[in-house]
There are 2 protein chains.
Amino acid sequence: MKDPCPQHAHRHRLIQPALNELTDQLRRNARKITAPRQAILNVLRRHQHPLTNREIHAALSGFECDLATVYRNLNTLEEMGMVRRFDFGDGTARFELLIEGDDGHHHHLVCTQCSTVVEIEDCFPAELETALARRHGFKHISHKLEFFGICPKCQERGRS
Amino acid sequence: MKDPCPQHAHRHRLIQPALNELTDQLRRNARKITAPRQAILNVLRRHQHPLTNREIHAALSGFECDLATVYRNLNTLEEMGMVRRFDFGDGTARFELLIEGDDGHHHHLVCTQCSTVVEIEDCFPAELETALARRHGFKHISHKLEFFGICPKCQERGRS
DNA sequence: ACTTGGATGCAAATCAATTGCATTAGCTTC
DNA sequence: GAAGCTAATGCAATTGATTTGCATCCAAGT
């Protein structure tokens, strides 16, 4: 099978979890294995970069389900810790499938012109974050971090 | 005049720009000095922490203007670089007045229970960001970074 | 004072996301 | 394998933030 998403070939982690592993996770969480659910997981499994609800809905190959069902499922999948929600500040949430055992913590570099997404390995330094929490007396601290810029291709286009 | 916003007394930078400095900035940008505009700037000037359009609209003391006007003004003020837009991921934008000459770059620590906001001095290390941009060939790189956690007061409340 | 284009008010439209409700269909139990 | 319970779904309507069309108004320049 060829890469389902060539423009995101630069993504590092390209493990495709087997579908039955995913359904097992559902079972363990006392969730029913429904057709929409499986179709959605299949889409997420094949496109391992942040997808909007709408994109997921559009990518449901063959099988159709209501957009509201996609929204509902991504919310429950997030609660279950099977997907991670990202916010690129454009008003629509994006989701990525998580690999079991991996908390999926990572960030993105997004092109402000063509929306190309690169997965980033860097993260805000943990010791700074800990110090920050202590300094202000906060507990259970976390962060949202995304980078924005102009990708190489759009720089080319700009010059032409 | 007492602090207009006691629960944000921990905010460090509490310079209140004079209203006429702000109107000067408008003039320099060929913007008309209108009553709604001044009222909005006045609100931002008095409450130097992130405010939603709705909050700003509600805080317009005495003077009333349409909510759409608030939205339009914050967009133009953002274009002019007089305010900075923040996104805490709750679906509504927040704005802070910028001090002239300061690019206003900073981040926040937000309580996920009571929404208390603390301004943060830390930032993602510039050298890491530069390296990141170079590594992926991106230009004009920037980032969005916000921290979330449980504030001291809510920790108390939780225990009781 | 006169003119003009930006600014405003008001209502309607968008757009993402959620929700109420009747119906359907997994999954457990017998 | 049928019965029963409840989650899950489809569909339509709703919410909430934000934008926009349009007629009117007014700040600023001449």
Side-chain angles (χ1 to χ4, degrees), chain A residues 19-20 22-44 50-60 62-80 82-95 115, chain B residues 19-20 22-44 50-60 62-80 82-95 115:
Chain A
L19 199 51
N20 58 321
L22 298 177
T23 53
D24 278 352
Q25 267 187 277
L26 291 177
R27 248 184 286 275
R28 259 177 277 139
N29 282 273
R31 299 294 181 175
K32 296 183 179 170
I33 320 292
T34 65
R37 203 101 86 186
Q38 290 186 86
I40 290 166
L41 284 172
N42 232 332
V43 171
L44 290 168
L51 292 174
T52 65
N53 282 285
R54 216 171 268 292
E55 287 168 339
I56 295 167
H57 182 246
L60 293 172
F63 184 83
E64 292 275 310
C65 82
D66 197 88
L67 183 55
T69 301
V70 177
Y71 273 98
R72 274 191 279 237
N73 267 295
L74 283 155
N75 286 342
T76 53
L77 288 173
E78 188 193 17
E79 280 172 29
M80 293 171 53
M82 287 185 67
V83 301
R84 188 176 199 88
R85 180 189 299 261
F86 290 98
D87 176 9
F88 292 171
D90 66 347
T92 106
R94 282 154 214 273
F95 299 88
S115 298
Chain B
L19 200 51
N20 58 323
L22 298 177
T23 53
D24 279 351
Q25 268 187 276
L26 291 177
R27 248 185 286 275
R28 260 177 276 138
N29 283 273
R31 300 292 181 175
K32 296 184 177 168
I33 320 292
T34 64
R37 202 102 87 184
Q38 291 185 85
I40 290 166
L41 284 171
N42 232 333
V43 171
L44 289 168
L51 292 174
T52 65
N53 281 286
R54 234 185 189 66
E55 286 168 340
I56 295 167
H57 182 247
L60 293 173
F63 184 83
E64 290 275 313
C65 80
D66 197 88
L67 182 55
T69 301
V70 177
Y71 274 98
R72 275 191 280 238
N73 268 295
L74 283 154
N75 286 342
T76 53
L77 289 172
E78 188 192 16
E79 281 171 28
M80 294 171 52
M82 286 184 67
V83 301
R84 188 176 200 88
R85 181 189 300 261
F86 290 97
D87 176 9
F88 292 170
D90 66 347
T92 107
R94 281 153 214 274
F95 299 87
S115 297

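In the text below, chain A, chain B and the rest are named by the order of the sequence lines, each starting its count at 1. Computation of the quantities below employed the complete heavy-atom set of this structure, encompassing side-chain atoms and omitting hydrogens, waters and symmetry-equivalent molecules.
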Phosphate oxygens OP1/OP2 of C:dA7: is one of them under 4.0 Å from a side-chain N or O of B:R37?
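For C:dA7, OP1/OP2 do have a side-chain N/O of B:R37 under 4.0 Å.
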
Using the heavy-atom set of chain B and a strict 4.0 Å cut-off, write down the first and last nucleotide of DNA chain D that makes it in, 5' to 3'.
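For DNA chain D, the relevant span reads D:dA17 to D:dA28.
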
To the nearest Å, how far apart are [X] [atom1] and [N] [atom2]?
{"X": "A:D66", "N": "C:dT23", "atom1": "CG", "atom2": "P", "result": "17 Å"}
{"X": "B:R72", "N": "C:dG6", "atom1": "CZ", "atom2": "P", "result": "14 Å"}
{"X": "B:Y71", "N": "C:dA11", "atom1": "OH", "atom2": "P", "result": "17 Å"}
{"X": "A:E55", "N": "C:dA17", "atom1": "CD", "atom2": "C1'", "result": "16 Å"}
{"X": "A:N53", "N": "C:dT18", "atom1": "CG", "atom2": "C1'", "result": "11 Å"}
{"X": "A:N73", "N": "C:dT18", "atom1": "CG", "atom2": "C1'", "result": "14 Å"}
{"X": "B:Q38", "N": "C:dA7", "atom1": "CD", "atom2": "C1'", "result": "13 Å"}

Decide side chain to side chain contact (heavy atoms under 4.5 Å, CB included) for B:I40 and B:R37; before the verdict, give the C-alpha distance in whole Å, the side-chain angles of both, and the deciding distance to 0.1 Å.
CA-CA 5 Å; B:I40 290 166; B:R37 202 102 87 184; 5.9 Å; no

Min side-chain heavy-atom separation [X]-[Y] under 4.5 Å:
{"X": "B:L41", "Y": "B:N73", "result": "no"}
{"X": "B:R27", "Y": "B:D24", "result": "yes"}
{"X": "A:L26", "Y": "A:M80", "result": "yes"}
{"X": "A:L77", "Y": "A:R31", "result": "no"}
{"X": "B:T76", "Y": "B:N29", "result": "no"}
{"X": "B:T52", "Y": "B:R94", "result": "yes"}

Given protein heavy atoms under 4.0 Å, the one-letter contact record of nucleotides 25-30 of chain C, with B base, S sugar-phosphate only and - none, is simply -BS---

If the test is side chain to side chain contact (heavy atoms under 4.5 Å, CB included), which one of A:N42, A:V43, A:T69 qualifies with A:L60?
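Running side chain to side chain contact (heavy atoms under 4.5 Å, CB included) over A:N42, A:V43, A:T69 with A:L60 returns exactly one hit, A:V43.
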
So, using side-chain hydrogen bond (donor to acceptor under 3.5 Å, both in side chains) as the criterion, who are the partners of B:N53 when residues are at least two apart?
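By the side-chain hydrogen bond (donor to acceptor under 3.5 Å, both in side chains) rule, B:N53 matches no residue at all.
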
Starting from the first five and the last five pairs of the helix from C:dA1-D:dT30 to C:dC30-D:dG1, work out the angle between the resulting helix axes, to 10 degrees.
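Its terminal axes enclose an angle near 30°.
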
Would you please test B:R54 and B:V70 for side chain to side chain contact (heavy atoms under 4.5 Å, CB included) and show each step?
CA-CA 8 Å; B:R54 234 185 189 66; B:V70 177; over 6 Å; no

Looking at [X] and [Y], what are the two nearest heavy atoms and their distance?
{"X": "B:P50", "Y": "B:E55", "value": "O-OE1, 4.0 Å"}
{"X": "B:C65", "Y": "B:H57", "value": "O-NE2, 2.6 Å"}
{"X": "B:L44", "Y": "B:F95", "value": "CD2-O, 4.1 Å"}

Return the residues of residues 85-95 of chain A meeting this criterion: a heavy atom under 4.0 Å from some atom of DNA chain C. Order them by number, or give none.
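Within this stretch, A:G91, A:T92, A:A93 sit under 4.0 Å of the strand.
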
Residue whose nearest DNA chain C nucleotide is more 5′ - B:A68 or B:P36
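Here B:P36 is the residue nearer the 5' end.
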
Kindly write out the residues that satisfy ring-ring contact (aromatic ring centres under 6.0 Å, His included) with B:Y71, not counting sequence neighbours, or none if the list is empty.
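Not a single residue meets the ring-ring contact (aromatic ring centres under 6.0 Å, His included) criterion with B:Y71.
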
